[in-house]
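Structure, as structure tokens:
Index from 1, following the sequence. FYI, side chains are in, hydrogens and waters are out, and symmetry mates aren't considered; it's all heavy atoms of this structure.
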Amino acid sequence: DVTVRDLYQMNYDPVLRAEDLSQLKKGVTPPDIAVEQELLMKADLISIIYPLWWASFPAILKGYIDKVLAYGFAYEMTAQGIEGKLKNKKVLLFTSMGNSLEQYEQKNLISAFKQIQGDEVFEFCGMSVLNHTFFPQIPESSTHEIQTLLDSTITEFSDLTF
């Protein structure tokens, strides 16, 4: 089964309001957050597809992460320190970009993106990031070039098993 969550189509509210944070600290999960957390709990594989915005996630996705991967659900403090609670989850990240890979690599940003957007978010929560795929120069790419990228990606991950 596949569940698609298009944050823009959902008109998702990415703002973590003070009342949401207060509720979460009391162990009460607001309904909109609870729905997303339940979907994550049911998922074996989480694919996140997003454009790179100012070297980061777009604001709507960052807000989703802030709200849904909350303390107590995605991670907690233990006697050994912070522990991720979503250990059985696997993640694939797909990032579209405006520049060439070479331009990002010259600044060592590809490894930084993998570290910050993968390890420091999802692996922090105990998930395993299986791969982070980058799609460079998308604004300049033709429909045919984009389709070729997508086809090669589908082929690359078609044998993925859990």
Side-chain angles (χ1 to χ4, degrees), residues 1-17 20 32-70 73-75 82 84-162:
D1 292 340
V2 175
T3 301
V4 175
R5 306 301 287 163
D6 183 330
L7 300 180
Y8 292 104
Q9 186 178 34
M10 293 165 48
N11 199 27
Y12 185 79
D13 180 5
V15 178
L16 180 60
R17 292 183 167 64
D20 291 335
D32 63 325
I33 297 171
V35 166
E36 300 306 315
Q37 289 177 343
E38 181 64 29
L39 288 170
L40 281 177
M41 290 307 295
K42 290 179 182 177
D44 296 316
L45 176 69
I46 301 154
S47 298
I48 302 176
I49 305 165
Y50 62 97
L52 189 68
W53 285 89
W54 292 102
S56 188
F57 299 115
I60 196 168
L61 179 55
K62 177 64 169 83
Y64 181 92
I65 290 167
D66 289 346
K67 291 172 76 170
V68 177
L69 297 182
F73 170 75
Y75 64 97
I82 295 289
K85 295 180 69 172
L86 302 175
K87 291 179 175 33
N88 60 337
K89 307 299 174 191
K90 293 174 179 46
V91 179
L92 291 172
L93 298 169
F94 300 94
T95 307
S96 62
M97 313 165 97
N99 294 318
S100 71
L101 284 177
E102 294 76 25
Q103 288 171 300
Y104 291 111
E105 286 173 340
Q106 286 173 356
K107 297 177 183 180
N108 295 316
L109 290 176
I110 296 299
S111 60
F113 295 153
K114 287 180 178 182
Q115 177 70 33
I116 294 166
Q117 296 166 17
D119 301 347
E120 295 298 322
V121 175
F122 303 102
E123 289 190 6
F124 180 85
C125 296
M127 302 179 206
S128 298
V129 177
L130 301 179
N131 197 41
H132 193 158
T133 303
F134 297 95
F135 299 108
Q137 296 175 294
I138 292 301
E140 300 169 13
S141 299
S142 69
T143 303
H144 175 74
E145 290 168 327
I146 292 170
Q147 189 61 53
T148 300
L149 283 171
L150 293 174
D151 290 345
S152 68
T153 302
I154 290 168
T155 301
E156 180 180 352
F157 294 106
S158 65
D159 293 334
L160 192 64
T161 58
F162 306 98

How far apart are the closest heavy atoms of [X] and [Y], and which atoms are they?
X: Pro14; Y: Ala59; answer: CB-O, 3.9 Å
X: Lys67; Y: Val15; answer: NZ-O, 3.6 Å
X: Pro58; Y: Pro51; answer: CD-O, 3.3 Å
X: Cys125; Y: Tyr75; answer: SG-CD2, 4.4 Å
X: Val121; Y: Ile116; answer: CG2-O, 3.4 Å
X: Leu7; Y: Leu61; answer: CD1-CA, 4.0 Å

Under the side chain to side chain donor-acceptor pair (under 3.5 Å) test, residues paired with Glu38 that sit two or more places apart: none
Treating [X] as the side-chain partner and [Y] as the backbone partner, does any N or O pair qualify as donor plus acceptor under 3.5 Å?
X: Ser152; Y: Leu149; value: yes
X: Lys89; Y: Phe122; value: no
X: Gln37; Y: Val68; value: yes

Any chance you could measure [X], atom [atom1], to [Y], atom [atom2], to the nearest 0.5 Å?
X: Thr153; Y: Ile49; atom1: OG1; atom2: CD1; result: 9.5 Å
X: Ile46; Y: Leu40; atom1: CD1; atom2: CG; result: 4.5 Å
X: Asp20; Y: Asp66; atom1: CG; atom2: CG; result: 11.5 Å
X: Ile110; Y: Gln103; atom1: CD1; atom2: CD; result: 10.5 Å
X: Ser100; Y: Gln106; atom1: OG; atom2: CD; result: 7.0 Å
X: Asn99; Y: Leu109; atom1: CG; atom2: CG; result: 9.5 Å

query: Just one of Thr95, Leu92, Asp119 clears the side-chain contact (heavy atoms from CB on, under 4.5 Å) bar with His132, so which one?
result: Thr95
- prompt: Around atom NZ of Lys87, are there more than 12 heavy atoms of other residues, nucleotides or ligands at under 6.0 Å?
  reply: yes
- request: Could you go through the side-chain contact (heavy atoms from CB on, under 4.5 Å) check for Phe73 and Glu36 one step at a time?
  value: CA-CA 11 Å; Phe73 170 75; Glu36 300 306 315; over 6 Å; no
Tyr64 ring center near Phe57 ring center (under 6.0 Å): no
- prompt: So Leu86 and Met41, side-chain contact (heavy atoms from CB on, under 4.5 Å) or not? Walk me through it.
  reply: CA-CA 8 Å; Leu86 302 175; Met41 290 307 295; 3.8 Å; yes
message: side-chain contact (heavy atoms from CB on, under 4.5 Å), that's the test. Do Tyr104 and Phe113 meet it? Break it down for me.
response: CA-CA 10 Å; Tyr104 291 111; Phe113 295 153; 3.7 Å; yes
field: Gln117 vs Tyr50, side-chain hydrogen bond (donor to acceptor under 3.5 Å, both in side chains): CA-CA, chis, key distance, verdict
entry: CA-CA 11 Å; Gln117 296 166 17; Tyr50 62 97; 2.5 Å; yes
